[in-house]
Amino acid sequence: MPAVSKGDGMRGLAVFISDIRNCKSKEAEIKRINKELANIRSKFKGDKALDGYSKKKYVCKLLFIFLLGHDIDFGHMEAVNLLSSNKYTEKQIGYLFISVLVNSNSELIRLINNAIKNDLSSRNPTFMCLALHCIANVGSREMAEAFAGEIPRILVAGDTMDSVKQSAALCLLRLYKTSPDLVLMGEWTSRVVHLLNDQHMGVVTAAISLITCLSQKNPDEFKTCVSLAVSRLSRIVSSASTDLQDYTYYFVPAPWLSCKLLRLLQCYPPPEDGAVKGRLVECLETILNKAQEPPKSKKVQHSNAKNAILFEAISLIIHYDSEPNLLVRACNQLGQFLQHRETNLRYLALESMCTLASSEFSHEAVKTHIETVINALKTERDVSVRQRAADLLYAMCDRSNSKQIVAEMLSYLETADYSIREEMVLKVAVLAEKYAVDYSWYVDTILNLIRIAGDYVSEEVWYRVIQIVINRDDVQGYAAKTVFEALQAPACHENMVKVGGYILGEFGNLIAGDPRSSPLVQFNLLHSKFHLCSVPTRALLLSAYIKFINLFPETKSTIQEVLRSDSQIRNSDVELQQRAVEYLKLSSIASTDVLATVLEEMPPFPERESSILAKLKKKKGPGAVSVNELEEGKREGGELNGGGERGDSSAIAGSNASTPSPSADLLGLRTGPPVTAAAPSAGSLLVDVFSEAGVNDDGFLRDLEPPTESSDSLLAEGPGDSDSAPPSVVSEDPATPLPESNELLNKFVCKNNGVLFENQLLQIGIKSEYRQNLGRMYLFYGNKTSVQFITFTTTVTCPGELQSQLNVQSKTVEPLIEGGAQVQQVINIECLTDFSEAPLLNIKFRYGGALQNLTLKLPVTINKFFQPTEMASHDFFQRWKQLSLPQQEAQKIFKANHAMDTEVLKAKLLGLGMALLENVDPNPENFVCAGVIQTKAQQVGSLLRLEPNAQAQMYRLTVRSSKDTVSKRLCELLAEQF
Amino acid sequence: MQFMLLFSRQGKLRLQKWYVPLCDKEKKKITRELVQTVLARKPKMCSFLEWRDLKIVYKRYASLYFCCAIEDQDNELITLEIIHRYVELLDKYFGSVCELDIIFNFEKAYFILDEFLLGGEAQETSKKNVLKAIEQADLLQEPRHEVL
């Protein structure tokens with residue numbers, strides 16, 4: 001039974017709640033709830049009109065049931081009725097129900113809005129507040145449309161009660177956050193700023209939140225708030241602890257308002273007016289001084305409130321980054337907190353110091369705390385605090401202390417929590433590179449990283465060490481020697497084998513003079529790891545072997561023997577088999593000169609910023625990556641892995657393009673379909689190698705070539721007269737496409753080639769290929785009649801916003817197509833950012849005098865720019881979890897349109913362009929896929945799960961991607977495919 | 001502030017207030033995840049944690065956990081005191097509040113919260129003023145006989 005029944009105590013409700021609490025099982029609870037629901041339903045439906053009190057009680061019961069986690073599908077009407085009751089508590093319960101169970105039922109919204117309107121104009125302050133609370137709680141667009149004009153008036157009207165003003169201010173804030181377009185700036189805005197001067201502290205407290213939010217969006221319009229905020233702050237800071245009466249909290253005057261004032265000031269640069277600035281600096285100094293005073297109370301509330309203001313003041317000091325004196329004082333204060341017995345303060349001090357470390361004025365001051373921070377990393381019991389310590393060490397690292405910090409981080413890594421290892425690894429790798437004076441230290445550090453935390457060393461890290469070793473000849477010998485030694489360990493991480501294979505393949509000769517690391521010893525050492533490694537690593541090792549043949553002719557026969565063995569030359573993995581076959585052939589046919597040219601040492605990589613840095617930035621929360629960082633990530637990804645190709649269009653035909661996603665490998669080992677599968681030209685590729693000019697073209701050895709910067713233009717130019725043909729004129733108004741064009745579009749989601757359209761006159765065939773964010777489409781227009789088509793023109797347009805999303809260029813076609821003949825048109829496509837619409841293809845021609853005009857949708861869909869990403873089950877689910885914002889997911893449940901044949905499904909999913917991941921989903925019936933969509937602006941990682949239900953002949957499709965529009969579009973596209 | 005959750009040591013949700021629009025499914029998911037995370041933490045641990053791209057500030061009062069999700073630039077310590085002030089308000093209103101009061105008078109807990117915080121921001125930080133508003137409302141209601 002209830003402990004207290006304050007106020008209006010609804011006994012029936014209390015009894016019901018007791019009953020629920022007495023239920024021994026979930027079943028009993030559900031039974032009791034169903035009984036109650038039936039009872040309420042019958043009361044609501046009964047003939048006898050319910051009185052307000054009963055209505056209130058039942059609505060309240062429904063609310064309770066909903067809050068227990070059960071669905072409620074009735075009672076909304078009764079709740080809306082309560083809104084127009086003139087009894088306060090009935091109205092109050094009605095509003096509470098509406099606030100918690102918003103229903104987008106438009107009929108109801110109209111009624112609710114009516115009731116709110118009545119209450120707002122009632123001039124009864126308690127009713128007005130209830131209505132404002134409801135708007136603020138629901139904050140829907142419909143409400144914004146209805147009230148965004150009215151509320152500013154209430155807020156600034158002279159006769160509005162203080163409590164109503166408070167509610168109105170925050171209500172408006174909520175509407176502004178959800179529908180900024182509906183809250184129009186106007187005459188009221190200047191008056192809102194003056195609420196900072198209001199006598200009532202509560203009004204100021206509420207209004208300042210609104211002002212801060214508005215200032216962020218319209219700084220100029222609100223800049224007068226700066227001086228008002230400073231004088232208000234100054235009055236509070238200098239007031240005695242009792243001056244503000246009930247706004248003093250545990251001897252701290254107005255802590256909430258002080259924090260909000262300091263926060264508001266962070267929207268602006270330091271005040272230009274000297275007097276204002278002087279006053280503000282004085283405030284900040286006073287706040288810093290107060291931190292040194294003995295506490296007025298032992299209560300934690302006192303110190304929390306005081307320190308809340310202090311931290312906000314420090315944030316402002318860091319934001320200004322112009323007062324060296326204050327910055328250093330802030331740093332010293334935080335230094336004291338680093339050793340405070342309160343975990344919360346240590347945590348915040350570490351966090352705040354991180355930002356101080358990046359200021360030139362306080363960087364040195366922060367560095368003096370290095371020992372304390374290292375100690376925190378070692379001894380803090382709470383992993384979230386250790387994480388902050390690691391962040392701070394990273395932030396305070398510079399050339400003077402990098403060796404110490406890197407060593408400490410490395411030693412911490414051995415015992416670090418699993419949750420932060422990967423990030424630690426990236427940090428160590430970045431610091432090692434950034435502050436490497438002698439590169440042998442760098443190599444040692446990275447190899448140590450691999451040794452200590454090999455599983456957490458992402459590909460970016462080992463790519464980077466290879467890039468650096470290749471580019472710096474002073475470290476190559478040392479790297480070869482060190483990696484050779486590291487490989488001697490009986491159990492060494494596969495990443496070590498990769499680095500070892502690559503480096504010895506390039507620079508093994510630098511240590512071959514020592515009999516302990518003679519060529520054969522090197523080879524045997526590498527090969528002893530071979531059978532323990534995964535396919536990509538084995539492929540890399542095979543490439544290292546062929547390089548050995550060139551470096552050390554004396555190993556040739558041994559290596560040929562290895563290549564010739566059944567386990568290589570007949571390996572079930574096509575990539576390995578092909579490498580074995582081709583390398584074997586190459587080593588036996590090519591002359592020493594050709595070999596030397598083909599297998600020449602890697603030229604230096606173009607200088608670029610570390611891709612690890614980009615990855616580290618990305619790791620800081622999938623939702624929090626700014627556009628800039630993504631840009632950077634994209635650039636990095638592109639440069640590092642993208643440009644692996646040279647040559648002409650034949651490069652596209654072979655779909656062994658190197659994978660540009662961040663997870664792709666430097667060496668192009670995990671490429672899409674292997675060369676053999678891609679083209680009948682596998683043989684001719686080999687021939688190319690022997691033709692003199694072909695050596696540098698693009699052969700299977702592309703894998704070993706360094707990336708070049710040429711990839712972007714690769715697809716933009718035609719095979720022949722590339723720059724001569726102007727792009728077709730893009731018109732603004734697209735013609736209406738054929739009604740069946742959507743269906744035609746859907747046909748090509750999972751395939752690239754086929755017949756797009758056919759009627760009695762014309763057949764249009766398509767062949768298309770995509771790589772990274774570029775695509776090329778060949779359209780074949782076939783004249784099916786025996787009469788020529790004249791004035792044949794085609795126009796490709798991007799309707800609406802697609803213009804800024806896709807760059808489509810088409811070559812003009814011959815205006816004349818003879819009877820029975822076919823002409824070809826090339827269309828180059830560049831995906832700038834993700835898109836949902838399809839470009840339109842308009843075709844006009846005359847056939848026997850009659851003008852033919854038709855418009856189709858070009859089957860360019862977002863999935864064409866997928867790059868498959870292989871990943872293990874663990875990784876898949878981790879990433880799946882990372883993409884857990886509601887808008888990142890799109891889901892559809894739909895009926896099967898085709899037979900549910902597993903093989904057909906697989907083929908379609910592969911055609912989609914993602915990697916189909918085996919053994920990931922615990923249910924073998926389900927399919928999961930992963931891929932990265934390559935657009936010019938960014939890369940969008942996407943994960944997909946398709947769950948067939950054979951019994952119901954239904955599918956459930958779930959797509960998660962880092963971008964909501966992509967999830968939605970993929971879901972739409974795919975729902976039509978199965 | 002994006003949302004506030006009150007839950008018991010057994011993980012039962014006692015109050016939920018959302019200041020950002022989310023669907024029911026997402027709310028349930030967040031609640032489940034956070035309750036699990038917070039309950040797994042040891043008593044001496046710090047009251048703040050990073051979660052997705054939000055900061056979680058929580059504090060335990062007797063059998064109840066009060067848990068707020070704030071944004072990156074928000075102040076953790078002042079949020080802790082928001083929680084404390086809310087507890088004080090409940091305590092003053094119910095007279096030495098306990099979990100049962102919040103279970104049986106859940107609607108009051110919501111009304112008090114609405115007077116104190118609106119749209120995720122402090123509306124009125126004076127204890128007196130908040131309680132005055134609530135008590136005024138209690139005076140406005142009329143005594144009735146219960147009809148079962």
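Throughout, protein chains are lettered first and strands after them, A, B, ... in sequence-line order, and every chain is numbered starting at 1.
Interface remark: A/Ser303 contributes no atoms to any contact with chain B (heavy atom separation under 4.5 Å). The part of A/Glu351 that comes within reach of chain B is its side chain, from C-beta onward, which places non-hydrogen atoms under 4.5 angstrom from that chain. Heavy atoms closer than 4.5 Å to chain B are found in the side chain of A/Arg21, but not in its backbone. With a threshold of 4.5 angstrom between heavy atoms, A/Leu173 approaches chain B through side-chain atoms but not through N, CA, C or O. Interface residue B/Ile82: backbone and side-chain heavy atoms are both found under 4.5 Å from chain A. At a 4.5 Å heavy-atom cutoff, the contact between A/Cys60 and chain B is made by backbone and side-chain atoms alike. In this structure, chain B has no heavy atom under 4.5 Å from any part of A/Leu257. Contacts of B/Phe48 with chain A are made by both backbone and side-chain atoms, with heavy-atom separations under 4.5 Å. Neither the backbone nor the side chain of A/Tyr176 comes within contact range of chain B; no heavy atom of the residue lies under 4.5 Å from a heavy atom of that chain. Contacts of A/Ile17 with chain B are made by both backbone and side-chain atoms, with heavy-atom separations under 4.5 Å. With a 4.5 angstrom heavy-atom cutoff, A/Phe16 does not touch chain B via any of its atoms.
A donor-acceptor distance shorter than 3.5 angstrom exists from the side chain of B/Lys28 to the backbone of A/Gly69, with no hydrogens or angles considered. At least one donor-acceptor pair closer than 3.5 Å links the side chain of A/Asp246 to the backbone N or O of B/Lys127. Under the 3.5 Å distance criterion, the side-chain polar atoms of A/Asn304 are left unmatched by any main-chain donor or acceptor of B/Leu77.
Note on ring orientation: taking the six-membered ring where Trp is involved, the planes of B/Phe116 and A/Trp256 are perpendicular (angle over 60°, cut-offs 30° and 60°).
Counting only heavy atoms from C-beta outward, the side chains of A/Phe311 and B/Ile78 never approach each other to under 4.5 Å. Residues A/Met10 and B/Glu107 form a side-chain contact, since some pair of their non-hydrogen atoms from C-beta on lies under 4.5 Å apart. For the pair B/Phe104 and A/Ser18, the minimum side-chain heavy-atom distance is below 4.5 Å.
Scanning residues 133-141 of chain A against chain B with a 4.5 Å heavy-atom cutoff picks out A/His133, A/Ala136, A/Asn137, ordered by number.
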Next item on the list: With side-chain hydrogen bond (donor to acceptor under 3.5 Å, both in side chains) as the test, would you mind laying out the steps for A/Gln92 and B/Tyr110 before giving the verdict?
Entry: CA-CA 11 Å; A/Gln92 201 181 20; B/Tyr110 279 94; over 6 Å; no
Item checked: Criterion side-chain contact (heavy atoms from CB on, under 4.5 Å) on B/Trp18 and A/Val100, from CA distance to verdict -> CA-CA 9 Å; B/Trp18 304 87; A/Val100 176; over 6 Å; no
Next item on the list: For B/Glu115 and A/Gln166, run side-chain contact (heavy atoms from CB on, under 4.5 Å): C-alpha distance rounded to whole Å, both residues' side-chain angles, the deciding distance at 0.1 Å, then the answer.
Entry: CA-CA 10 Å; B/Glu115 291 294 336; A/Gln166 286 167 278; over 6 Å; no
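Atom-to-atom distance recorded for B/Asn129:CG and A/Thr205:OG1 is 10.0 Å, nearest 0.5 angstrom. In this structure, B/Glu50 CD and A/Ser384 OG are separated by 8.5 Å, a value rounded to the nearest 0.5 Å. Annotation: the span from B/Ser47 atom OG to A/Asn344 atom CG amounts to 3.5 Å, rounded to 0.5 Å.
Between B/Lys42 and A/Asp382, no side-chain nitrogen of the basic residue sits less than 4.0 Å from a carboxylate oxygen of the acidic one, so the salt-bridge criterion is not met. Taking a cutoff of 4.0 Å between a charged side-chain nitrogen and a carboxylate oxygen, A/Lys260 and B/Glu121 qualify as a salt bridge. Ion pair B/Glu81/A/Lys306 not flagged as a salt bridge, since none of the NZ, NE, NH1 or NH2 atoms sits closer than 4.0 Å to an Asp/Glu carboxylate oxygen. A/Glu342 and B/Lys44 are not joined by a salt bridge, as no carboxylate oxygen comes within less than 4.0 angstrom of a charged side-chain nitrogen.
Side chains of B/Gln123 and A/Ser167: a donor on one and an acceptor on the other come within 3.5 Å. Neither side chain, B/Glu88 nor A/Tyr249, offers a donor N or O lying under 3.5 Å from an acceptor on the other.
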